[in-house]
Amino acid sequence: MSETFPAVKYSDEVLGARRVGSPIVALESTIISHGLPRPTNFDVAQEVEEIVRQRGATPATIAVLDGVVHIGLSAIQLRDIANRDDILKASSRDLAIAVARKKSSATTVAATAHLAVLCGIHIFATGGLGGVHRGAGQSFDESADLTALSTLDITVICAGVKSILDVGATLERLETLAIGVVGYRTLAFPGFYLTDSGFTLEHQVESPKAIASIISARRALSTNNSALLVANPVLNQMEPSLHERVLASGLALASAQNITGKDVTPFLLEHFHTHSNGESLRVNIELIKSNAALAADIAVASAL
Ligand code: PSU
Ligand code: MN
């Protein structure tokens, strides 16, 4: 007989929130393990959870530890994700492999969103969404975040898509995949480190309450079988010329060193963190916190 697997494990805090039906915000873990440098990553992970709590919602950071899916992490587990050297990066397709083989994996937007919805959580804060990479016409490198979000009832609060990507192509794919996009207090689609990617959105929303009513309209119309993106621009962006310089050198280095597949995004983020005099790190931290705060406000406004 084949092995059976335990259901996911909830933290006491998340269990308590589920019991009384109070709002929960899913938080991803790849941002901690592969997106931010040590030791800042652990501090930021804790601060982000605290921001969610202060605004009246419960944080559920999601990850796989030693083959067990965790919805909500203890401080020790959060530290493991931040500091352990054996933490993999799992997209949706890797989840079952990690669980069956008792591995430890941080979860990407795709995998976190999948597990959140599996557990009845429908609001999710991240940094920047994955998308279509530059040169994807040749490399076919498109993040599984997009296809995952095309099948999940979840609202993702992000600072747009990462500026290392082909933003125009990513917006086209979002349209094809029926993933709704609204700008939070802006029509300028944000570009992660940059407040404005140069692309214009069709819809602007002004408040968490307005987003909550879009979420209930999605349910009423059954258009909640794909995700809604809330694009929340960072207030204090990276200086655009510095951004352009570091991006150009990062892309050149990635190509010279033949970096491919799931390593591309962590490689470029790390390049930014080591070549921007702390600017990319400052902006990355600001945007994660800001997205977590907005996600908590939306969760409270929609009582999800
Ligand atoms: N946003 C960040 N830092 C990150 C990521 C997003 O601020 O590290 C991660 C997310 O987990 C996202 C992943 O799902 O990058 C996309 O990776 P890829 O391009 O390989 O699909
Ligand atoms: Mn990829």
Side-chain angles (χ1 to χ4, degrees), residues 26-38 40-41 44-45 48 61-64 81-82 87-95 105-116 124-150 152 154 156-167 169-170 173-174 179 190-194 227 229 231-234 237-238 250-251 254-255 258-273 276 279-292 295:
L27 299 168
E28 70 140 308
S29 46
T30 295
I31 221 173
I32 307 168
S33 62
H34 291 72
L36 296 169
R38 299 174 191 167
T40 315
N41 57 350
V44 173
V48 164
T61 305
I62 294 178
V64 183
I81 289 292
I87 305 295
L88 306 170
K89 169 184 169 186
S91 189
S92 317
R93 68 172 188 163
D94 306 308
L95 284 173
S105 283
T107 48
T108 63
V109 168
T112 308
H114 176 86
L115 293 171
F124 169 25
T126 182
L129 194 68
V132 182
H133 282 261
R134 294 164 193 236
Q138 300 287 311
S139 69
F140 283 77
D141 188 355
E142 174 178 331
S143 176
D145 288 356
L146 296 184
T147 41
L149 293 182
S150 72
L152 293 169
I154 197 156
V156 183
I157 295 78
C158 61
V161 298
K162 282 190 276 284
S163 49
I164 58 176
L165 301 169
D166 182 337
V167 178
T170 304
R173 290 291 288 147
L174 289 170
I179 299 169
F192 193 55
Y193 296 135
L194 302 176
L229 292 188
N232 182 30
V234 74
Q237 69 171 1
M238 212 172 142
L251 291 170
S255 146
N258 250 319
I259 309 290
T260 57
K262 70 203 286 183
D263 298 332
V264 173
T265 298
F267 178 88
L268 289 173
L269 294 180
E270 161 81 15
H271 180 80
F272 264 95
H273 293 328
S276 68
E279 272 298 280
S280 67
L281 186 56
R282 175 189 66 75
V283 177
N284 208 339
I285 294 170
E286 180 184 321
L287 66 86
I288 295 168
K289 289 182 176 176
S290 160
N291 294 343

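In listed order, ligands and their atoms are each counted from 1. Worth knowing before you read on, the calculation uses all heavy atoms, side chains too, and leaves out hydrogens, waters and symmetry mates. In this text the structure is predicted, and so the values were computed from the model without any measurement.
Within 6.0 Å of atom CZ in R38, more than 12 heavy atoms from other residues, nucleotides or ligands are found, so the atom counts as buried in its surroundings.
Comparing E270, E142, K162 by heavy-atom distance to atom 9 (C) of ligand 1, the nearest is K162.
With contacts defined as side-chain heavy-atom distances shorter than 4.5 Å, the pair I154/L149 qualifies. Using a 4.5 Å heavy-atom cutoff, the side chains of T112 and T126 are not in contact. Considering only heavy atoms from C-beta on, K289 comes within 4.5 Å of V48 through its side chain. Between H271 and L251 the shortest side-chain heavy-atom distance does not fall below 4.5 Å.
Checking only distances, T107 never comes within under 3.5 Å of ligand 1, N or O to N or O. Considering backbone and side-chain atoms alike, L287 places every N or O at 3.5 Å or more from each N or O of ligand 1. Any N or O atom pair closer than 3.5 Å counts here, and T126 shares no such pair with ligand 1.
Annotation for ligand 1: atoms under 4.0 Å from non-hydrogen atoms of K89 are 17 (O), 18 (P), 20 (O). Heavy-atom proximity to G35, at under 4.0 Å, picks out these atoms of ligand 1: 8 (O). Heavy-atom contacts of T265 reach the following atoms of ligand 1: 15 (O), 17 (O), 18 (P), 19 (O), 20 (O) (cutoff under 4.0 Å).
At the top of the distance list for atom 3 (N) of ligand 1, counting protein heavy atoms only, stands I31 CG1, 3.3 Å. From the protein, the heavy atom lying nearest to atom 10 (C) of ligand 1 is E28 OE2, 3.2 Å. Of the protein's heavy atoms, D145 OD2, 3.3 Å lies nearest to atom 12 (C) of ligand 1.
Checked against salt bridge (charged side-chain N to carboxylate O under 4.0 Å, His left out), R282 has the following partners two or more places apart in sequence or in another chain: E279, E286.
Between the Mn ion (ligand 2) and D141 there is an N/O/S contact shorter than 2.8 Å.
Test I288, L194, V234 against V283 for side-chain contact (heavy atoms from CB on, under 4.5 Å) and you get one pass: V234.
At a heavy-atom distance under 4.0 Å, no atom of L36 approaches ligand 1.
Classification of the F272-Y193 ring pair by plane angle, with boundaries at 30° and 60°, yields tilted.
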